[in-house]
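Here is the structure we will look at, set down as structure tokens.
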There are 2 protein chains.
Amino acid sequence: MHSAKDPSTDIVDTVNTDFLRTLVGYNARRAALSIIEVFTECMAVHQLKIVEFSLLNLVAHNPGVTSRQVCNSLNILAPNLVNLVTLLEKRGLLVRRPHPFDGRAMGLYLSEEGQALNERAEQTVSALEIEATSSLTAAERKTLIRLLQKIYD
Amino acid sequence: MHSAKDPSTDIVDTVNTDFLRTLVGYNARRAALSIIEVFTECMAVHQLKIVEFSLLNLVAHNPGVTSRQVCNSLNILAPNLVNLVTLLEKRGLLVRRPHPFDGRAMGLYLSEEGQALNERAEQTVSALEIEATSSLTAAERKTLIRLLQKIYD
DNA sequence: TATTGTTATACTCTATAACTATA
DNA sequence: TATAGTTATAGAGTATAACAATA
């Protein structure tokens, strides 16, 4: 290995990334980006960004969920959620309704179109999940998810 | 479950994220963000962003590596690498030197200070790696990394 | 003609401060 | 006094197009 004071020149044949590859964070990020790339394309068919699908899906399974609860669940900051909700509402997929007894809060609900879209998107996502992780066996996929959840739960 | 045409109001006690949690991409992203948060703090001690550490570390282990090779290895776009390299060069950590026989390319090298900083940062990172994944056994960590690499390799 | 590095720039994502109305 | 939702805005990260020098 040469220092800067030793002005020789080297040619790197294949790049060595051994150290970075010993890090869970590095590998998790690389894997996430790899999968997200595939998901982004396929969600575009439904005209949904990934975060929009997450929101749609969360509301589908939690009718009446508040913005604050969505923010906590998806790790989104409140100001950044507003436009997402507004956009889905304008598309007629989602509605805001006053919370039953907390005058500050709004409950989120899907319209029938929203529910229909979510069901279609869920099917796409489930199929895609298998494809995007086709290098894993079913058992490996299960193990991987369990270990990842141990980290962030 | 209520539709938008059925204007009732619901209260969500605990948010159900079961569907999203069946997805490798969702879990990988959540885990990556969780770890990156810890790493960002600890790298700040060395005044390094995570991507800057990745660059420093890659050059440390691959003296003479070209910008293009770095871009391919770290999945960075060329225009976005330029400022990173320039910044580390201004800090006296890294130097650009002409490629031995390709007049277009520049080889990247670390100065002695750059090497020293990388060694200190590697120690921090290695210690941090254990801490950030303390919920995993050594065997689980090894399995997790192997499975993640199967996805993006 | 294709590639490396670069510049300029646009777009998206994320983060912060401050406001309102309600609790 | 604190919280939910909102607005405006700033900052970071990521992307595309075009150029000069070299292959």
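As a basis for the values below, the full set of heavy atoms in this structure was taken, side chains included, without hydrogen atoms, waters or symmetry mates. Order of the sequence lines fixes the chain letters, A, B, ..., with proteins taken first and strands second; residue numbering starts at 1 for each chain.
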Chi angles and distances behind the side-chain hydrogen bond (donor to acceptor under 3.5 Å, both in side chains) call for B:His99, A:Thr9
CA-CA 7 Å; B:His99 189 276; A:Thr9 53; over 6 Å; no
B:Ile36, B:Leu56: one ILVMFWY side-chain cluster at the under-4.5 Å cut-off?
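Yes, because B:Ile36 and B:Leu56 connect within a single hydrophobic cluster, where side-chain heavy atoms sit under 4.5 Å apart.
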Please determine whether residues A:Met106 and A:Leu74 belong to a single hydrophobic cluster, defined as Ile, Leu, Val, Met, Phe, Trp and Tyr linked transitively by side-chain heavy-atom distances below 4.5 Å.
no
Checking contacts here: which listed nucleotide (D:dT6, C:dG5, D:dT3) is nearest the side-chain heavy atoms of A:Arg104?
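Nearest listed nucleotide: D:dT3.
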Looking only at the side chain of B:Arg96 (C-beta and beyond, no hydrogens), which of the listed nucleotides D:dA4, C:dT6, C:dT4 gets closest?
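Looking only at heavy atoms from C-beta outward on B:Arg96, the closest nucleotide is C:dT6.
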Between [atom2] on [N] and [atom1] on [X], what's the gap in Å once rounded to a whole number?
| X | N | atom1 | atom2 | value |
| --- | --- | --- | --- | --- |
| A:Ile76 | D:dG5 | CD1 | C1' | 15 Å |
| A:Met106 | C:dT22 | CE | C1' | 13 Å |
| B:Ile36 | C:dA15 | CD1 | P | 11 Å |
| A:Leu81 | D:dT6 | CG | P | 8 Å |
| B:Phe101 | D:dA23 | CZ | P | 10 Å |
| A:Leu87 | D:dT6 | CG | P | 14 Å |
| B:Asn72 | C:dG5 | CG | C1' | 14 Å |
| A:Leu84 | C:dA15 | CG | P | 14 Å |

Taking the six-membered ring of B:Tyr26 (Phe, Tyr or Trp), confirm whether the NZ or CZ of B:Arg21 is under 6.0 Å from its centre and within 45° of its axis.
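Geometry flag: not set, cation outside 6.0 Å or 45°.
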With no angle test and no hydrogens, is the base of C:dT4 tied to the side chain of B:Arg68 by a donor-acceptor pair under 3.5 Å?
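Such a pair does not exist between side chain and base.
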Would you please say whether a donor-acceptor pair under 3.5 Å links the side chains of B:Glu52 and B:His46?
no
Hey, are A:Asn62 and B:Asn16 close enough side-chain-wise for a donor-acceptor pair under 3.5 Å?
no
Sidechain-backbone polar pair: B:Asn27 side chain, B:Leu23 backbone, donor-acceptor under 3.5 Å:
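Yes; at least one donor-acceptor contact below 3.5 Å.
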Walk along nucleotides 7-17 of chain D from 5' to 3' and tag each nucleotide B, S or - by protein heavy-atom contact under 4.0 Å, base first, then sugar-phosphate.
BB----SBBBB
